[in-house]
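A quick write-up on the structure given underneath.
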Amino acid sequence: MESLIMYSAFNGLIVGIFYALMALGLSLILGLNGVINFAHGTFMALGGYLAFTIEPYVGFWGSLILAPFGAVVLGLLVERILIRPLYGRDPLFSLLLTFGLAMIMEDLIRTIWGSVGQPFVLPNYLNTPLSASLFFLTGYRLVLIAITILVTGALFAVLRYTRIGIRIRAGNADLETISAMGVNIFFLRAANFGIGIFLAGLAGILAAGQLGLSPSIGSSLIMPSFVAIIVGGVGSLIGSVLGGLIIGIASGITAAFFPVAQEVVIYVIMAVVLVLRPRGLLGQEGLFE
């Protein structure tokens with residue numbers, strides 16, 4: 001029983017990491033850009049497919065580094081051409097835009113790479129279990145956890161100690177004031193959007209190595225990622241990470257005992273949190289209360 005719980009919890013932790021990375025990017029874009037980015041999942045899928053395409057030429061580690069930037073390039077074009085004209089307007093416009101964009105991008109992925117899932121090949125040394133008793137603990141999963149910790153730590157360091165990070169945080173608090181101080185808010189929003197898309201692309205590559213590639217890989221993870229933001233608290237990046245890990249582990253453990261409730265438990269947790277603490281675990285006080 002203990003082994004089953006440990007196995008299920010660890011599987012849930014891995015999926016929770018994908019939720020956390022997605023939620024981080026979504027929360028960044030929502031905070032400064034004011035955009036509920038329903039296309040985030042397809043940018044995630046795009047990152048995975050770009051890595052799949054270039055991996056034979058640059059190897060796994062090269063694709064892991066380069067592919068997210070490919071997703072960022074497309075993300076910046078989308079922000080500049082489609083999303084920027086909607087800043088300052090009703091958020092419903094950007095929501096509908098990104099929802100439609102998600103469907104278009106997913107169909108384009110199917111057209112380019114096919115609708116059949118693709119295996120994402122990992123180096124053999126990463127697929128080897130560390131021991132017979134901990135067969136679920138592979139080198140790749142440890143690398144996945146290490147990369148996530150490193151990237152998340154780097155993001156918080158950028159937001160805390162760099163000029164652009166400080167401006168992003170200030171813009172979340174009062175965009176009009178920093179605009180009046182001479183900060184180029186269009187550049188700031190574009191940079192912030194690019195960081196969010198980078199996290200989505202990275203999540204897509206890491207998830208492809210664990211779950212395999214399919215055009216709908218992002219759409220299957222996007223709603224739980226929004227739930228992670230709500231559970232952790234809208235406006236809190238740490239809360240987004242915490243929310244993603246909580247619902248991932250809870251879903252993993254539930255899958256071991258009540259498989260039919262694996263997805264339901266995510267929304268049950270959200271409902272309980274909203275009833276007991278409407279702002280989420282670490283959300284801004286008074287935001288929804």
Side-chain angles (χ1 to χ4, degrees), residues 1-27 40-41 44-45 48 117 119-120 122 126-152 199-200 202-214 216-233 236-274 276-277 280-282:
M1 180 64 71
E2 290 181 3
S3 298
L4 177 61
I5 293 176
M6 185 183 300
Y7 168 75
S8 302
F10 193 80
N11 283 344
L13 173 66
I14 297 301
V15 177
I17 284 175
F18 305 145
Y19 295 155
L21 283 174
M22 289 278 286
L24 262 180
L26 285 167
S27 188
H40 208 68
M44 174 189 179
F120 190 77
L122 297 173
L126 290 180
N127 273 327
T128 305
L130 299 186
S131 69
S133 59
L134 298 176
F135 61 92
F136 54 85
L137 191 60
T138 63
Y140 179 71
R141 289 186 164 193
L142 290 182
V143 166
L144 192 155
I145 294 171
I147 290 174
T148 302
I149 293 173
L150 180 64
V151 169
T152 304
L199 293 172
L202 179 64
I205 301 166
L206 296 176
Q210 183 65 36
L211 307 176
L213 268 176
S214 69
S216 60
I217 184 174
S219 58
S220 65
L221 296 176
I222 186 68
M223 288 310 299
S225 301
F226 278 116
V227 172
I229 294 175
I230 296 170
V231 170
S236 171
L237 296 181
I238 297 177
S240 297
V241 175
L242 180 63
L245 297 179
I246 288 174
I247 65 173
I249 293 172
S251 177
I253 294 175
T254 303
F257 300 99
F258 305 102
V260 294
Q262 180 180 1
E263 294 185 8
V264 174
V265 70
I266 295 174
Y267 300 98
V268 171
I269 291 173
M270 180 182 70
V272 171
V273 170
L274 288 177
L276 299 179
R277 192 177 175 85
L281 299 177
L282 300 177

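Everything numeric in this text was worked out from a predicted model, so none of it was measured. Index from 1, following the sequence.
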Just wondering, do [Y] and [X] contact through their side chains at under 4.5 Å, heavy atoms?
X	Y	result
Phe120	Ile205	yes
Leu126	Thr138	no
Ile145	Ile14	yes

Task: Heavy-atom donor-acceptor pair, Tyr19 side chain to Met223 backbone, under 3.5 Å - done: no

Open item on the list: Any side-chain to backbone donor/acceptor pair from Ser251 onto Gly248? Under 3.5 Å, distance only.
Closed with: no

Open item on the list: Please determine whether side chain to side chain contact (heavy atoms under 4.5 Å, CB included) holds for the pair Leu274 and Ile230, giving the CA-CA distance in whole Å, both sets of side-chain angles, and the decisive distance to 0.1 Å.
Closed with: CA-CA 8 Å; Leu274 288 177; Ile230 296 170; 3.6 Å; yes

Closest contact, heavy atoms only, [X] versus [Y]:
X	Y	result
Leu282	Ser236	O-CB, 3.2 Å
Ile222	Ser219	CG2-O, 3.3 Å
Gly244	Ala228	N-CB, 3.4 Å
Ala200	His40	CB-NE2, 3.4 Å
Met22	Ser225	CB-OG, 3.1 Å
Ala45	Ile217	CB-CG2, 3.7 Å

Open item on the list: Test side chain to side chain contact (heavy atoms under 4.5 Å, CB included) on Arg141 and Asn11; report intermediate values, then the result.
Closed with: CA-CA 10 Å; Arg141 289 186 164 193; Asn11 283 344; 2.7 Å; yes

Open item on the list: Working note: Leu206 + Ile17, criterion side chain to side chain contact (heavy atoms under 4.5 Å, CB included); need CA distance, chi angles, decisive distance, verdict.
Closed with: CA-CA 10 Å; Leu206 296 176; Ile17 284 175; 5.5 Å; no

- [ ] Tell me, yes or no, whether the heavy-atom count around Phe258 atom CZ, taken from other residues, nucleotides or ligands under 6.0 Å, exceeds 12.
- [x] no

Open item on the list: With a sphere of 6.0 Å drawn around CD of Glu263, does it hold more than 12 non-hydrogen atoms of other residues, nucleotides or ligands?
Closed with: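 Not buried by this count: 12 neighbours or fewer within 6.0 Å.
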
Task: side chain to side chain contact (heavy atoms under 4.5 Å, CB included) evaluation trace for Leu24 with Val151 - done: CA-CA 11 Å; Leu24 262 180; Val151 169; over 6 Å; no

Quick check for you: to the nearest 0.5 Å, what is the distance between [X] atom [atom1] and [Y] atom [atom2]?
X	Y	atom1	atom2	result
Leu199	Leu26	CG	CG	9.5 Å
Ile253	Leu13	CD1	CG	10.5 Å
Leu142	Ile147	CG	CD1	11.0 Å

